[in-house]
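Below is one structure, written out as structure tokens; the observations come after it.
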Amino acid sequence: MADDVRRPRVLDVLAAGEPWEVPTEWITRVRTQLQAWADDPDALRPLRPEAFPDFIKGTPAAVWFTHEIAPLLTGWIPVLHGEYADLGTELTHDFYRPSSRLGGAGHVVYVAPTDWHLQAIAGARGFREQGRQHALQLSRNVVSLFLDAPPMAARAQALTAAFDRVLGDREATHLHITGEYDDIAQYWRNDALKDSERVVLPELGGPTAALRYSLNSIRDTHARLLMTSPDEYAGDYAQLMAELILATGLRGIPQAVARSLGNTTQDLEKALSSIHQTFNRQVWLAHVNQWLARAIRSGQAPLARAWAAAATRAAIHLSGVLSKAPWPEPEIPDLTSLFQILDRERWSALEATAAAESEANSLSSIWNTVQEEAGRPASSDDGTLDEPLPKPLDFSDDPLAELDALIGLESVKDAVRKMVAEVKTNLRRTELGLPSHERARHMVFVGKPGTAKTTIARLLSRIYHQLGVLEKGHVVEVDRSDLVGPSVGSTAPMTAGKFREALGGVLFIDEAYSLTPENTPGDYGLEAVATILKLMEDHRNDCIVIVAGYHREMQRFMESNTGLASRFPKLLSFSEYDTDQLVAIFELQARQKGMIYGEDVLDKVRTVIPPAPRGHSFGNGRFIRNVLEEAVSNQATRLSARDPDSLTERDLRELIPADVRPPTSMRAEDYLLQKPGT
């Protein structure tokens, strides 16, 4: 991003339609009110503790309560991201001194009991009546601080109105200052809220109501997202719930969930039965990320955000966090990758706006620069100005820029960025004499042909070489024929030779599942696998091994040897491309070759791409590369009829629609309209 483009400080609530750029004056106003409560010697004195954990001595209960409820006013089980993700800490920083704070680049998921709004009242249960009265008023006053904060306004308004009714009702007030806490909590579950308030504060009805809300919200948002952004891997509600259950680590339907689902439980049981043996959590998470990324790019970001927030709530319920069970790991869905996609979209929009404003303000200077560099403006035959020819794209010195330029593959690109971040962090730990947290870097790539698996392997090797992790940064690409010999005793030397060739770089094994063919005991490929595993252990830091192939076949391959899964901790899933992405790949590859083209050329490219569903062996990016190479060849044939001395740079670089034809080398499978088999 350009230096003059300001990235605003935001509170990004995932369930909200868009991030909230938090006004400095709002933060100041809340902090001023908290300080006023702290400075008032008579205000809320019965509730002033000596100190809360991590709070300075003398912090009033109103400040502590503000810290606790600020994030929860954004929603039930909210996911917060941005510079103000740790909202409670930001507001109470004059009083709260924790040992660590959340960073602006991360996110946090907040979970609390369903009576979270009664924490101050619960804390005053042992006080005299005046103190309990103060607790009730304090709760109302703190909630009202957020009435003008957009992500919290609806819930704050509903809760403030409920507190006002309690304070205005003699019987309800009497219950709060004299009654047992269980009776107060029961009152809030059954009687305190109007129906319109229960809609925005569903969890206040208790755990059963909260679970029902979470299950209903994921059902509704899933149906809406499927309607606007269809996906071949995203099934119906029953399949989604089955996938969430398995991804959370369960093997059956929790009893509370079954009770809440009612008759839908039968459909869920069938879905679980049909997918439990083949379900792979990493592959599923990758598919979800790709689906959400497509929805975001097609203008459905609010719905994608709502779906992810609802899925997070459902996963939290399923994992049993509310019953103090272990937190699900990793988070479901992959919120880190999702927020990276959303951030890039937001920052790109800011850059585009800034660029447009800059261009509007500096047309004259640009024109002067063109005249100075070119001597005079170039004119076409009709008197209009010719645009300068764009330079070919060159990423030879910047593999991360080349990674960013790739079309699609959002979850893959995010995974690579995470790996780079891990390496940089560990290098810094080493510099400071701290123990590093190294993990094995070997990977499994799953996906159809032409989905950039080899390209990513080459980029990773270059990136790791630049970081100093790999000595050479080259890639040795092999398949079964390079590793498995024709006779007894020949396989191990062949495999070892290729592995030694890859030292200092990456050994990329394409169609790795062919090393362990089904129903072929004693196949020499098993010896190749055993040799590779031994060499991986002997040269742990000298070579990265990447095995690649179709989804199902690679799952079988990983299960063929008990040592494989533990040595390949990372799985990257490569989705096939839709038509728009294939056209974008044509554009990218053409620019890398220095070719120029018009929209009519891209329209012609669309006509030669087979319609979906495409064949099991359709080449994806490889197919598009063939289309481009065929177009360049056809252009050369077209230009050969002209006098070579008359050809300009534009002539040599420009493609026209007539150059674009189905590649003659295309296989028949590329046009087979069969159901994808992975």
Side-chain angles (χ1 to χ4, degrees), residues 232 290 293-294 297-298 390 392-395 399 401-413 445-459 475 477 508 510-511 548-550 572-638 653-674 676-678:
E232 64 175 302
Q290 292 155 6
R294 286 197 302 273
R297 288 195 299 270
S298 64
L393 294 180
D394 182 8
F395 298 113
E402 184 173 350
L403 174 75
D404 287 334
L406 292 178
I407 306 303
L409 305 174
E410 297 302 334
S411 65
V412 173
K413 290 190 279 191
F445 286 4
V446 294
K448 290 185 177 182
T451 49
K453 297 188 295 295
T454 306
T455 298
I456 292 294
R458 293 169 181 165
L459 286 174
V475 177
E477 302 173 34
F508 183 81
D510 199 12
E511 298 181 347
Y550 290 103
L572 275 62
S573 180
F574 294 71
S575 290
E576 57 184 329
Y577 301 104
D578 59 30
T579 299
D580 289 340
Q581 290 174 322
L582 291 172
V583 174
I585 291 172
F586 179 92
E587 291 189 79
L588 176 62
Q589 293 182 352
R591 291 169 61 200
Q592 288 175 317
K593 286 180 174 291
M595 308 305 292
I596 58 177
Y597 48 84
E599 287 296 324
D600 49 356
V601 169
L602 301 182
D603 292 339
K604 186 64 177 296
V605 171
R606 289 180 182 276
T607 67
V608 303
I609 297 174
R614 303 180 180 102
H616 180 69
S617 300
F618 175 69
N620 285 280
R622 189 178 303 158
F623 169 85
I624 287 297
R625 184 174 67 244
N626 291 338
V627 171
L628 177 60
E629 290 174 351
E630 187 81 8
V632 173
S633 176
N634 293 334
Q635 182 222 36
T637 302
R638 172 171 56 82
R653 294 178 60 184
E654 187 172 31
L655 296 174
I656 63 174
D659 297 330
V660 180
R661 307 170 201 165
T664 56
S665 60
M666 182 167 34
R667 297 174 299 178
E669 292 92 332
D670 289 331
Y671 273 113
L672 291 178
L673 304 183
Q674 62 191 48
T678 56

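What you see is a predicted model, and the numbers here were worked out from it, not measured in a lab.
Side-chain contact between Val660 and Val601 is present, with heavy atoms from C-beta onward closer than 4.5 Å. Using a 4.5 Å heavy-atom threshold, the side chains of Asn634 and Arg638 count as separate. Within the 4.5 Å cutoff, the side chain of Phe445 has no heavy atoms near those of the Thr454 side chain. Contact of the Ile609 side chain with the Val605 side chain is registered, since non-hydrogen atoms from C-beta on lie closer than 4.5 Å. Under the 4.5 Å side-chain criterion, counting only non-hydrogen atoms from C-beta, Arg458 is not in contact with Glu402.
Between the CG atom in Asp580 and the CZ atom in Arg294 there is a gap of 11.5 Å [rounded to 0.5 Å]. Summarising the geometry, atom CG belonging to Leu406 is positioned 8.5 Å from atom CD1 belonging to Ile585; distances are rounded to the nearest 0.5 Å. Arg297 contributes atom CZ, which lies 5.0 Å from atom CD of Glu410 (distance to the nearest 0.5 angstrom). How far CD1 of Ile624 is from CD1 of Ile407: 11.0 Å, rounded to the nearest 0.5 Å. Atoms NZ and CZ, from Lys593 and Arg625 in turn, are 9.0 Å apart once rounded to the nearest 0.5 Å. In this structure, the separation between CG on Leu628 and CZ on Phe586 is 5.0 Å, given to the nearest 0.5 Å.
For the pair Gly450 and Tyr577, the tightest heavy-atom approach, listed with the atom from each and the gap, is O-CE1, 3.5 Å. Minimum interatomic distance between Ser411 and Ser573 (heavy atoms only, all atoms of both residues): OG-O, 4.1 Å. Looking at every heavy atom in both residues, Arg622 comes nearest to Pro449 through NH1-CB, 3.7 Å. When all heavy atoms of Arg661 and Val608 are compared, the closest pair comes out as C-CG1, 4.1 Å.
Under a 3.5 Å cut-off, the side chain of Arg653 and the backbone N or O of Ile596 do not form any donor-acceptor pair. Under the 3.5 Å distance criterion, the side-chain polar atoms of Asp659 are matched with a main-chain donor or acceptor of Ile656. For Lys453 (side chain) and Phe574 (main-chain N/O), no donor-acceptor pair under 3.5 Å exists by modelled atom type. For the pair Lys448 (side chain) and Glu576 (backbone), a donor-acceptor distance under 3.5 Å is absent.
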Please step through side-chain contact (heavy atoms from CB on, under 4.5 Å) for the pair Asp510 and Glu477, ending with a clear verdict. CA-CA 7 Å; Asp510 199 12; Glu477 302 173 34; over 6 Å; no
